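Structure record follows, encoded as structure tokens.
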Amino acid sequence: MSFSPFHLVDGDPAKGLVLLADHARRDLPSAYGSLGLSPEEFERHIAYDIGVEQLTRTLSAMLGAPAVLGGFSRLLIDPNRGEDDPTLIMRLSDGAIVPGNNPMPSDEREKRLNQFYRPYHGAIAQTIEAVTTASGKAPLVISIHSFTPFWKSTPRPWHAGILWDKDPRAVRPIIEGLRADPHLIVGDNEPYDGALRNDTMFQHCIVPGLAHALIEVRQDLIAAQVGIEQWAKRLAPILEAINADPDMHVARQFGSRTGPIEAANTMDKENRA
Ligand SMILES: [Zn+2]
């Protein structure tokens, strides 16, 4: 398949639901080779979120909702960071120095923003706009990620984690829905805190006030087809029920633990000027 900075998965925009997968792919345009890393590094989680593309595609098919998949490895540029975030382009990732990112001249950084990052975010904005128009209401946005079963040598106990900042609308019922299965350990802002200034949820949901949640599934559970289907079957009815709640389809500001939203808008405008 030829390289594209994003991939759209068809769905019915009138459903009022948008699925996102920032780290779905480990692809790089051929000009970048493997960023000076050995090809094996691209089998690893540092290049992408294992299992997420297939989980998102399966959920999209089950729910009939459109999805936007990031088309490039996060080693090239991380779509789930603000343009001003120091970890936007990683010099070092989980012990591996990324030669293709050292040094990182500002013109190369700007090129990666223009060729990869901004087209992906543009596709998200367009999909949200199309779904808003077709459904006649504010969409619910669900972002899918996966995390490693170990951090250094410490095992992570959670099967899944729901990450969020301040809008609890979609988050609470997803956590409750998953915890209804007593075998599941479900993290609430674990293994990471979901409040990240200018990340994908911040840009597309927190600023405009769209209901949203970021779902992290442990990678070993969705590394094979059987687990992907199991997790899709587990998540689809929960998401379907939440999407049927009218409260998910009203734009409402909850603010951010990272600081005032107004300051973000002003800063973004200054950055663009
Ligand atoms: Zn991710």
Side-chain angles (χ1 to χ4, degrees), residues 5-7 9 18-28 35 37 41-60 67-83 85-90 92-96 98 101 112 116-117 120-121 123-124 127 141-152 156 158-165 170-171 174 178 186-206 212-223 227-228 231-232 235 239 258:
F6 58 86
H7 301 278
V9 183
V18 175
L19 303 178
L20 303 178
D22 294 327
H23 299 145
R25 292 287 190 106
R26 56 189 151 179
D27 301 359
L28 296 174
L35 289 170
L37 292 165
E41 297 289 355
F42 279 80
E43 305 296 317
R44 297 179 54 208
H45 71 93
I46 62 169
Y48 74 123
D49 281 359
I50 291 163
V52 159
E53 175 172 5
Q54 281 314 314
L55 177 58
T56 305
R57 287 185 181 277
T58 308
L59 277 172
S60 166
V68 186
L69 313 178
F72 50 93
S73 171
R74 67 181 172 205
L75 290 175
L76 190 64
I77 186 166
D78 192 333
N80 193 29
R81 292 292 183 274
E83 293 195 7
D85 193 296
T87 63
L88 178 72
I89 298 173
M90 295 294 282
L92 188 74
S93 186
D94 196 15
V98 185
N101 294 350
R112 293 189 194 183
F116 312 111
Y117 181 102
Y120 171 64
H121 284 285
I124 295 175
T127 301
V141 181
I142 301 294
S143 179
I144 310 288
H145 288 257
S146 67
F147 63 95
T148 55
F150 289 88
W151 175 244
K152 303 200 191 283
R156 286 171 159 159
W158 311 278
H159 297 95
I162 312 303
L163 311 192
W164 59 297
D165 190 342
V171 170
I174 295 173
L178 289 172
V186 182
D188 179 347
N189 269 332
E190 297 279 6
Y192 319 107
D193 186 348
L196 183 59
R197 191 92 183 157
N198 294 330
D199 70 358
T200 298
M201 295 286 89
F202 189 96
Q203 291 183 40
H204 296 282
C205 302
I206 292 171
H212 62 282
L214 189 155
I215 302 176
E216 291 263 5
V217 182
R218 209 174 69 206
Q219 288 173 358
D220 55 309
L221 304 174
I222 53 170
I228 288 163
W231 275 87
L235 287 167
L239 298 179
T258 67

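Being a predicted model, the structure only gives us computed values, none of them experimental. Numbers for residues simply follow the sequence, beginning at 1. Note that ligands are numbered from 1 as they come in the structure, with each ligand's atoms numbered from 1 the same way.
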Problem set entry | Minimum-distance N/O/S atom that His145 presents toward the Zn ion (ligand 1) | ND1
Problem set entry | Test item: His23 and Asp78 side chains (from C-beta on) under 4.5 Å apart, heavy atoms | yes
Problem set entry | Of all N/O/S atoms in His23, the name of the one nearest the Zn ion (ligand 1) | ND1
Exercise. Checking Ser146 side chain against Val52 main chain: does a donor-acceptor pair fall under 3.5 Å?
Worked result: no
Exercise. So do the side chains of Leu19 and Val9 get within less than 4.5 Å of each other, counting heavy atoms only?
Worked result: no
Problem set entry | Ion pair check, Arg74 and Asp49, cut-off under 4.0 Å | yes
For this session: Look at the N, O or S atoms of Asp49, main chain and side chain alike, and state whether any lies under 2.8 Å from the Zn ion (ligand 1).
Result: yes
